[in-house]
A.B. asks: 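Shown below is the structure under consideration.
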There are 2 protein chains.
Amino acid sequence: METRDLFSLNFSSQDCPSRRALDLITDKWTPLVISILATGPCRYMNIKRQIGGITQKMLTQTLRKMEDEGLATRTVYPTSPPTVEYALTPLGKTLVEPIQSLLDWARTYGLQMNSIRPLVEEYPQ
Amino acid sequence: METRDLFSLNFSSQDCPSRRALDLITDKWTPLVISILATGPCRYMNIKRQIGGITQKMLTQTLRKMEDEGLATRTVYPTSPPTVEYALTPLGKTLVEPIQSLLDWARTYGLQMNSIRPLVEEYPQ
DNA sequence: CAGAATCCTACCTGATACTG
DNA sequence: CAGTATCAGGTAGGATTCTG
């Protein structure tokens, strides 16, 4: 595998766009929210129910940030009680695949981490 | 694209292995360190030089955690001054591709985030 | 060179209460 | 339902100093 091209990211400058982008997507809740919105638009409470342990403050904050960064849209339907639906923007959708890769990894190898030493034979390459 | 399978990750339990794994790889520095070690074993100062803004405390802490989780190895050569080389374990190497996907995304779309609104026409699908 | 140890602060996060 | 507002704490992370 050729991994040299990784270095075209300039890790030396903390404020470069790539590092800022990385900060956002390595957020605690953003990847989970994106993976949920990946299946289609979703209401606030529906998202919250699917992510155990998140508070409404954190969910709202995460969604606002995603909105600000242009990753998600927020649509309010003037019903009573209010209905608010969130959806990924085209930019947000470009993140689905990288995030899915991470979640796939977590599902596959997550159990083997943390003091459970890897068995060399189990890994590809 | 079929994204339904994302939900086989149980987001409802905060302490599930997948969420723990996700916490690790969504760490601030871990992805950068992994991408550097992806090209081969590397010495402490060499890593530090390539990641602008990281303190030795944070680099050491990150490397220790990666060691504890079985993602990296630490080899001390009894020279003077000391030489310490870090390398990815087989488990750590399985993370290279997912992380590269994220870094590729950051490089491609990072500039378009944050108040720079996306132009719909620019995105695939 | 590769760290350990210490101090200190910002902010991330949770808990709780209130609202249109 | 989908928030906002406020308070309080814990810790991630930075700066500095010292060492084999």
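Chain identifiers are assigned alphabetically (A, B, ...) following the order of the sequence lines, protein sequences preceding nucleic acid strands; residue numbering begins at 1 within each chain. All values below were derived from every heavy atom in this structure, side-chain atoms included, with hydrogens, water molecules and symmetry-related copies excluded.
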A.B. asks: Regarding B:Tyr86, tell me which of base, sugar-phosphate or nothing describes its non-hydrogen contacts under 4.0 Å with the strands shown.
C.D. replies: sugar-phosphate
A.B. asks: Per the ring-ring contact (aromatic ring centres under 6.0 Å, His included) rule, what does the pair list look like for residues 78-106 of chain A, sequence neighbours excluded?
C.D. replies: A:Trp105-A:Tyr109
A.B. asks: Think A:Arg64 has a side-chain N or O under 4.0 angstrom from the OP1 or OP2 of D:dT4?
C.D. replies: yes
A.B. asks: Restricting both atoms to N or O, compile the protein contacts to nucleotides 11-18 of chain D shorter than 3.5 Å, with distance only.
C.D. replies:
residue: D:dG13; atom: N7; partner: B:Lys57; partner atom: NZ; Å: 3.3
residue: D:dG13; atom: O6; partner: B:Lys57; partner atom: NZ; Å: 3.2
residue: D:dG14; atom: O6; partner: B:Lys57; partner atom: NZ; Å: 2.3

A.B. asks: Find the distance A:Tyr44:OH to D:dG3:C1' and express it as a whole number of Å.
C.D. replies: 6 Å
A.B. asks: Tell me whether A:Lys93 contacts the main-chain N or O of A:Leu88 through its side chain, where contact means a donor paired with an acceptor under 3.5 Å.
C.D. replies: no
A.B. asks: Return whichever of A:Pro81 or B:Pro82 has its heavy-atom-nearest nucleotide of DNA chain D closer to the 5' end.
C.D. replies: A:Pro81
A.B. asks: With a 3.5 Å cut-off and sequence neighbours excluded, list the donor-acceptor pairs that the side chains of residues 77-85 of chain A form with protein atoms.
C.D. replies:
residue: A:Tyr77; atom: OH; partner: A:Glu85; partner atom: OE1; Å: 3.4
residue: A:Thr79; atom: OG1; partner: A:Tyr77; partner atom: O; Å: 3.4
residue: A:Thr79; atom: OG1; partner: A:Pro81; partner atom: O; Å: 2.9
residue: A:Thr79; atom: OG1; partner: A:Thr83; partner atom: N; Å: 3.4
residue: A:Thr79; atom: OG1; partner: A:Thr83; partner atom: OG1; Å: 2.9

A.B. asks: Between which nucleotides of DNA chain C, 5' to 3', does chain B make heavy-atom contacts below 4.0 Å?
C.D. replies: C:dC1 to C:dC7
A.B. asks: Just to verify, what does B:Thr75 make a side-chain hydrogen bond (donor to acceptor under 3.5 Å, both in side chains) with, not counting sequence neighbours?
C.D. replies: none
A.B. asks: Between A:Ile54 and A:Leu32, is the side chain to side chain contact (heavy atoms under 4.5 Å, CB included) condition met? List the steps.
C.D. replies: CA-CA 10 Å; A:Ile54 196 172; A:Leu32 298 175; over 6 Å; no
A.B. asks: May I have all residue pairs that pass salt bridge (Lys or Arg N to Asp or Glu O under 4.0 Å) and include part of residues 24-41 of chain B, sequence neighbours excluded?
C.D. replies: B:Asp27-B:Lys65
A.B. asks: For B:Gln56, is there any backbone N or O sitting under 3.5 Å from a side-chain donor or acceptor partner on B:Tyr44?
C.D. replies: yes
A.B. asks: Would you say the side-chain atoms of B:Ser101 pair up with the backbone N or O of B:Glu97, donor to acceptor, closer than 3.5 Å?
C.D. replies: yes
A.B. asks: Please give, in whole Å, the distance from D:dA2 C1' to A:Arg74 CZ?
C.D. replies: 8 Å
A.B. asks: Do A:Asp104 and A:Gln100 have side-chain N/O donor and acceptor atoms under 3.5 Å apart?
C.D. replies: no
A.B. asks: Estimate the overall bend of the helix from C:dC1-D:dG20 to C:dG20-D:dC1 from the end axes over five pairs each, rounded to 10 degrees.
C.D. replies: 50°
A.B. asks: Not counting sequence neighbours, which residues clear side chain to side chain contact (heavy atoms under 4.5 Å, CB included) with A:Thr108? List them please.
C.D. replies: none
A.B. asks: Tell me, with the steps shown, if B:Leu91 and B:Thr94 meet side chain to side chain contact (heavy atoms under 4.5 Å, CB included).
C.D. replies: CA-CA 5 Å; B:Leu91 179 60; B:Thr94 63; 4.0 Å; yes
A.B. asks: Figure out the CD/P separation between A:Glu85 and D:dG3, and round it to whole Å.
C.D. replies: 12 Å
